[in-house]
Amino acid sequence: MPLVVQKFGGTSLGDADRIRAVADHVARTRRQGSDVVVVVSAMGKTTDDLIHLADSVSSVQPPREYDMLVSAGERTSMSLLTMALADLGVDAASFTGSQVGIITDGDHTRAKIREVKADLVRDALAAGQVPVVAGFQGVSEDHEITTLGRGGSDATAVALAAVLGADVCEIYTDVTGVFTADPRLVPEAHRINRISFEEMLEMAATGGRVLMLRAVEFARNHNVPLHVRSSFTWEPGTWVVEEDADMEEAVVTAVTHDTTEAKVTVSGVPDRPGVAARLFRALADRSINVDMIVQNTSAHGTTDISFTVPKADLPVSVETAQAHSNELGASGVTSDSNVSRVSLIGVGMKSHPGIAATMFETLANEEINIDMISTSTIRTSCIVRTDDVERAVRSLHAAFELA
Ligand code: ADP
Ligand code: ASP
Ligand code: MG
């Protein structure tokens, strides 16, 4: 029997009607002859609400307690969905991440999955049940409850699909697939029918939050086909698969934007071997995910290094850079959280010169200043002012005729 992992996001489970609609869909998939493993997110804005509650009682928020708190959201939705399935006569059972053996490292609030045991999931399937698993959560080797970072239910779903050898991992959400830009921002954006893991990775890494980055990495590494689709219309959506000849032949596939990062600049850094190594080792030791890095050419034996980090990590990053800058004799550390990133993604960039030039011209025509630039073989990103980023996305989407 084919095996499908179906993951439902927050909006898809937003209220009682939505939960019943999801239960209907799971029941239908079973009737059509597939085994189903369900992975759920917390209902609606539950996770945000829990985080706000934490903010209102504590400025310290020990990470262990944060994970205990936010992992509660998925527990509510898994049991409610299982009850709704019972009403339809579907034999289902809910499980926490810890129960099904989602084993993670101990890095609370952004733990990484180390191993997926899934014994109880296999047992439930063998007994003809539908296992309903709480996404976003796991348990560390020290038996502590952990969470996988925002959007982490996607990672739970893909990891389970990989170890169970599922035929497909379906990600149900509130849009009908992966679009050429965030459809909330660019109404003329269109759905991409098939996209390669490589392009989807770049999209997820640069703000296309429809899929969590780590979930896409996992899917690529284990070759799990992903099908991103709507739980409102149930129509076929976007397939994320290995690159093949059937893919749309656009030079640029999508425009993404990310408003979650901030910029740190260390100026007057002595230009000698080992300086960058020490700075970035210190940041890595504090688990800070540094993204773009730009170093100027040196003048008079010193240089400036700028990099971006998640906004939430800005205070620690500045503190770390400051400690380091004193030690190395740099002249100072500044930061800017009013920056955003706009990126163009497309495998066609490998073979078509001039994409970056058109991107910069388009931004120039809009009088949008570029602060930092970075590229990969299939992506070009610019850091711009946050006030300009929506205009940047719309103008690039139009300039590359993605509508
Ligand atoms: P879920 O709760 O189902 O996981 P998310 O909010 O995490 O849903 O992701 C879906 C949202 O991702 C959409 O509502 C959409 O606004 C946003 N999004 C951003 N970029 C894109 C894109 N390129 N294609 C589709 N959706 C995108
Ligand atoms: N509920 C979690 C969050 O809001 C996980 C998820 O939705 O995937 O981030
Ligand atoms: Mg999500």
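In each ligand, atom 1 is the first atom listed, and ligand 1 is the first ligand listed. Because the structure is predicted, anything quoted here is derived from the model rather than measured.
Salt bridge status for D313 with R286: absent, with no side-chain N to carboxylate O gap under 4.0 Å. Between E198 and R220, at least one side-chain nitrogen of the basic residue sits less than 4.0 Å from a carboxylate oxygen of the acidic one, meeting the salt-bridge criterion.
Within 4.0 Å of ligand 2, heavy atoms belong to protein residues S41, A42, T47, E74, F136, R150, G151, G152, S153.
Counted within 6.0 Å of NZ on K311, heavy atoms from surrounding residues, nucleotides or ligands total more than 12; the atom is thus considered enclosed.
A donor-acceptor pair under 3.5 Å is absent between the side-chain atoms of E242 and the main chain of N223, judged by distance alone.
A cation-pi arrangement is found for R18 relative to F232, the charged atom lying closer than 6.0 Å to the ring centre and inside a 45° cone about the ring normal.
Between V269 and the choices T302, V275, N296, the side-chain contact (heavy atoms from CB on, under 4.5 Å) rule is met once, by V275.
The ring pair (Phe, Tyr, Trp, His ring centres under 6.0 Å) search around H25 returns Y172, W234, not counting sequence neighbours.
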Result block: side-chain N/O donor-acceptor pairs under 3.5 angstrom for residues 149-165, not counting sequence neighbours:
| unit_1 | atom_1 | unit_2 | atom_2 | d |
| --- | --- | --- | --- | --- |
| R150 | NH1 | D48 | OD1 | 3.1 |
| R150 | NH2 | D48 | OD1 | 3.1 |
| S153 | OG | S41 | OG | 3.1 |
| D154 | OD1 | K7 | NZ | 2.7 |
| D154 | OD2 | M212 | N | 3.0 |
| T156 | OG1 | F136 | N | 2.9 |
| T156 | OG1 | G152 | O | 3.4 |

Output block, N or O contacts of ligand 1, threshold 3.5 Å exclusive:
| unit_1 | atom_1 | unit_2 | atom_2 | d |
| --- | --- | --- | --- | --- |
| ligand 1 | 2 (O) | G10 | N | 3.2 |
| ligand 1 | 3 (O) | T173 | OG1 | 2.7 |
| ligand 1 | 4 (O) | K7 | NZ | 3.2 |
| ligand 1 | 6 (O) | R209 | NH1 | 2.6 |
| ligand 1 | 8 (O) | T173 | OG1 | 3.2 |
| ligand 1 | 14 (O) | D174 | OD1 | 2.8 |
| ligand 1 | 14 (O) | D174 | OD2 | 3.4 |
| ligand 1 | 14 (O) | R184 | NE | 3.1 |
| ligand 1 | 14 (O) | R184 | NH2 | 2.6 |
| ligand 1 | 16 (O) | D182 | OD1 | 2.8 |
| ligand 1 | 16 (O) | R184 | NE | 2.6 |
| ligand 1 | 23 (N) | F179 | O | 3.0 |
| ligand 1 | 24 (N) | F179 | N | 2.9 |

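Contact between V22 and S12 at its shortest, heavy atoms only, is CG2-O, 3.4 Å.
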